[in-house]
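Fair warning: this is a prediction, and the values are worked out from it, not measured in the lab.
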Amino acid sequence: MVSGSPDLQVSFFFFLFVVSSFAGDPYVFYDWTVSYITASPLGDKQQVIGINGQFPGPILNVTTNWNVVVNVKNDLDEPLLFTWNGIQHRKNSWQDGVSGTNCPIPAGWNWTYEFQVKDQIGSFFYFPSLNFQSAAGGYGGIIINNRAVIPLPFGMPDGDITIFISDWYTKSHKGLRKDVENGVDLGVPDGILINGYGPYRYDPTLVKNGIVYQIINVEPGKTYRFRVHNVGISTSLNFRIQNHNLLLVETEGSYTVQQNYSNMDIHVGQSYSFLVTMDQNASTDYYIVASPRFVNSSDWSKVNGVAILHYSNSQGPASGPLPSLNDYDAYFSMNQARSIRWNVSAGAARPNPQGSFKYGDITVTDVYVILNRPVELVDGKQRTTLNGISYLPPSTPLKLAQQFKIPGVYKLDFPNKLMNRPPKLDTSVINGTFKGFMEIIFQNNDTTVQSYHLDGYAFFVVGMDFGVWTENSRSTYNKWDGVARSTTQVFPGAWTAILVSLDNAGIWNLRAQNLDSWYLGQETYVSVVNPEVDQSEVLLPENSIYCGILSSLQKDQAQRVNFSGATSISGSSKMVFIMLIIALIGHSFR
């Protein structure tokens, strides 16, 4: 993202060329102001969280191994952190942006994230991770392109389109947060948004007049890459484009076996890439639909996200009913999920094929069967649990407590199965083995689909089925081409099994991606410590914010609000920033 005069844009790209040629992997700089703005996604004005006045926020468009520097000024009235869904932050959990790794950015302060998208490609997104804020927006896309030396496993698309789908409530995130704390069910959302817009008026009895909707303009005969992200609160959504096939090519950084789908169930926190060819006769525009899944109330049938696909030679507006779908078919959805396979012959971030990592031949070192339950009373409060533990965030982030060797902040005693004891509040963390190979089975005893996400890694989804997991269930595992991703769904009354290689040192968040479940305690962390000194592991950042037990180390930051004056950039970035200034000055005197 570059703003300003054309001359500045030329200078910026010249700067990237200089850094790439003489100083290794390029740096790209972003300057964000996060604030409340007024928007009308469902026709009535409400407060949302915008970035530089945009809702949704800007897209980070980078290439494998680039260094990303994002300076965030918090103009909200409460603390803020951003997390980068699916970005692995190799050996650098300092940049993960969750409560266990970072102190929040106080209101009125700024903080600079600096991370490398090391050995990754694909489609991801970012969002605010604290205080239910993502229910108000603040999200945006991340595109990591292949390096030029590694070809795409498909033809170069004619265009690249990012789509965010989400359930949406007109109540503020603070009001929703209070409801969840008090045990009030979120209920049916007020609408489904597509790219922050409400539905096209496909049915005047269901959609009121005056709602602004998304229009995607395309050319006949062209093929576009659609990157679709479910950035919502708690609703699984089915995505489809009327009369068009969705050729699945990638999900969350893994190239997939290429298969056509007429629709795709996308669960909370998941991302997919499809190639869509404009091969219809354009007699009318076409519906783009995101509709709720696994709901059986008639109230839900009135809630659909609808955008318009508009060919340049379209002969008229879209009309008639939406493309049909069975609203509560969990068996169909599970079979669809099982059909998504890893493309073992394609190169991705590295030239060697993805399948050269033969995960099915690795011996498992640790097994965790993690069971959830519906909301229950824990110490007199409405909470959610994993293995009977509702996570209690400490005032001092785990990563800082580990760095400063502060005892008593957390315990490395998360149980590997449900214990026969009452549920409790605790700061209990999984003790991972560095370079171990962990098997995690998520058992969903809730009545709704839950998504689970692990920061710092891509894991292999090797099995899922209805019923209770047993050791005999391993006979059904896919040991060859289970897709590698960072967010997986677990159907109600069912289980999902994943395998993960713990080769990334750090403290990494394992959470329910459904915001209500996460907020009420359904999370833990995996501590992965390299027992040997690793000079390549990123040290404590110079700009760290201190809180909790370490609050006395924090200096005031009242005046640090400008990117150009931010002292929060680390030493390496300072040198790069100086090179940028030199490049700009040199260009201005030409």
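Of the possible donor and acceptor atoms, none in the side chain of Arg383 sits under 3.5 Å from a partner among the backbone N and O of Leu377. Checking side-chain atoms of Ser93 against main-chain N and O of Trp508 turns up no donor-acceptor pair under 3.5 Å. A donor-acceptor pair under 3.5 Å is formed between the side chain of Asn230 and the backbone N or O of Ile266. Judged by distance alone, the side chain of Ser390 and the main-chain N or O of Thr384 form a donor-acceptor pair under 3.5 Å. At least one donor-acceptor pair under 3.5 Å links the side chain of Ser129 to the backbone N or O of Gly97. Side-chain atoms of Gln354 come within 3.5 Å of backbone N or O of Tyr255 as a donor-acceptor pair. One N or O on the side chain of Asn444 and one on the backbone of Asp446 form a donor-acceptor pair closer than 3.5 Å. Judged by distance alone, with hydrogens and angles left aside, the side-chain atoms of Gln402 form no donor-acceptor pair with the main-chain N or O of Lys405 at under 3.5 Å. A donor-acceptor contact shorter than 3.5 Å is absent between the side chain of Asp75 and the backbone of Val34. Counting only distance, with no hydrogens or angles, the side chain of Asn514 and the backbone of Ser451 share a donor-acceptor pair below 3.5 Å.
Under the ring-ring contact (aromatic ring centres under 6.0 Å, His included) rule, Tyr359 has a single partner from Tyr477, Phe459, Phe460, which is Phe460.
Checked against a 6.0 Å centroid threshold, the rings of Trp168 and Phe55 count as neighbours. For an aromatic pair to be called close, the ring centres must be under 6.0 Å apart, and Phe164 with Tyr139 satisfies this. In summary, the aromatic rings of Phe132 and Tyr519 are positioned with their centroids under 6.0 Å apart.
No side-chain heavy atom of Thr524 sits under 4.5 Å from any side-chain heavy atom of Ile389. Put simply, the side chain of Tyr272 reaches to within 4.5 Å of the side chain of Ile340, judged on heavy atoms. Side-chain contact between Leu81 and Thr101 is absent, with no heavy-atom pair separated by less than 4.5 Å. Annotation: side chain of Val62 is in contact with side chain of Tyr30 (closest heavy-atom distance under 4.5 Å). Proximity of Met334 to Asp465: side-chain heavy atoms (C-beta onward) are separated by under 4.5 Å at one or more points.
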Inset, instruction - Test Asn195 against Ile163 for side-chain contact (heavy atoms from CB on, under 4.5 Å), laying out the working first. - result: CA-CA 6 Å; Asn195 285 351; Ile163 291 185; 4.2 Å; yes

Inset, instruction - Begin from the C-alpha positions of Gln450 and Ser517 and carry the test side chain to side chain donor-acceptor pair (under 3.5 Å) through to its verdict. - result: CA-CA 8 Å; Gln450 296 289 321; Ser517 299; 3.0 Å; yes

Inset, instruction - Take His453 and Trp518 through the side-chain contact (heavy atoms from CB on, under 4.5 Å) test and state the conclusion after the steps. - result: CA-CA 11 Å; His453 176 89; Trp518 181 13; over 6 Å; no

Inset, instruction - Report the C-alpha separation of Thr235 and Asp167 in whole Å, then their side-chain angles, then the decisive distance to 0.1 Å, and conclude whether the side chain to side chain donor-acceptor pair (under 3.5 Å) test is met. - result: CA-CA 6 Å; Thr235 305; Asp167 49 7; 2.6 Å; yes

Legend entry - From CA spacing to verdict: side-chain contact (heavy atoms from CB on, under 4.5 Å), Leu502, Val500: CA-CA 6 Å; Leu502 300 181; Val500 58; 4.1 Å; yes

Inset, instruction - Applying salt bridge (charged side-chain N to carboxylate O under 4.0 Å, His left out), run through Asp455 and Arg511 and close with a yes or a no. - result: CA-CA 9 Å; Asp455 286 347; Arg511 61 177 176 266; 3.1 Å; yes

Inset, instruction - Please test Asp179 against Lys171 for salt bridge (charged side-chain N to carboxylate O under 4.0 Å, His left out), starting from the C-alpha separation and ending with a verdict. - result: CA-CA 10 Å; Asp179 284 349; Lys171 182 177 284 191; 2.7 Å; yes

Inset, instruction - Show your reasoning for whether side-chain contact (heavy atoms from CB on, under 4.5 Å) applies to Asn65 and Gln116. - result: CA-CA 6 Å; Asn65 295 340; Gln116 185 180 26; 3.9 Å; yes

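Between the side chains of Asp265 and Ser333, a donor-acceptor pair is found at a separation under 3.5 Å. No hydrogens or angles considered: nothing links the side chains of Gln47 and Ser172 as a donor-acceptor pair under 3.5 Å. Side chains of Asn416 and Asp366: a donor-acceptor N/O pair is absent below 3.5 angstrom, by distance only. When only modelled atom types and interatomic distance are considered, Ser273 and Ser123 share a side-chain donor-acceptor pair under 3.5 Å. With no hydrogens or angles considered, no side-chain donor-acceptor pair links Asp96 and Asn102 at under 3.5 Å.
A tilted orientation is assigned to the rings of Trp84 and Tyr126, their planes being inclined by 30° to 60°.
Summarising the geometry of Gly232 relative to Val268, their closest heavy-atom pair is O-CG1, 3.4 Å, with the distance given to 0.1 Å. Here the shortest heavy-atom pairing between Pro541 and Gln95 reads CG-NE2, 3.9 Å. Scanning all heavy atoms of the two residues, the minimum distance from Phe127 to Gln513 falls at CE2-NE2, 4.1 Å. Closest of all the heavy-atom pairs between Leu398 and Val409 is CD2-CG1, 4.4 Å. Closest approach of His173 and Ala135 over heavy atoms only: CB-CB, 4.2 Å. Residues Gln120 and Thr64 share a closest heavy-atom pair of O-OG1, 2.7 Å.
With sequence neighbours excluded, no residue satisfies salt bridge (charged side-chain N to carboxylate O under 4.0 Å, His left out) with Lys417. Partners of Arg485 under the salt bridge (charged side-chain N to carboxylate O under 4.0 Å, His left out) rule, at least two apart in sequence or in another chain, are Glu252. The ring pair (Phe, Tyr, Trp, His ring centres under 6.0 Å) check on Tyr391 picks up Tyr525, with sequence neighbours excluded. In this structure, the ring pair (Phe, Tyr, Trp, His ring centres under 6.0 Å) partners of Phe491, at least two apart in sequence or on a different chain, are His267, Phe294. Every residue meeting the salt bridge (charged side-chain N to carboxylate O under 4.0 Å, His left out) condition with Glu78, not counting sequence neighbours, appears here in chain and number order: Arg177.
Within the structure, ring-ring contact (aromatic ring centres under 6.0 Å, His included) pairs that include any residue of residues 393-446 comprise Phe442-Tyr452 (at least two apart or interchain).
Atom CG of residue Leu418 and atom CG of residue Leu371 lie 5.5 Å apart, to the nearest 0.5 angstrom. If you take CG on Leu400 and SG on Cys547, they are separated by 6.5 Å, rounding to the nearest 0.5 Å. Within the model, atoms CG of Leu60 and CH2 of Trp32 stand 4.5 Å from one another, a figure rounded to the nearest 0.5 Å. Between the OG atom in Ser271 and the CG atom in Asn85 there is a gap of 6.5 Å [rounded to 0.5 Å]. Atom CG of Leu386 sits about 6.5 Å away from atom CD1 of Ile370, to the nearest 0.5 Å. Between the CG atom in Asn67 and the CG atom in Asp25 there is a gap of 6.0 Å [rounded to 0.5 Å].
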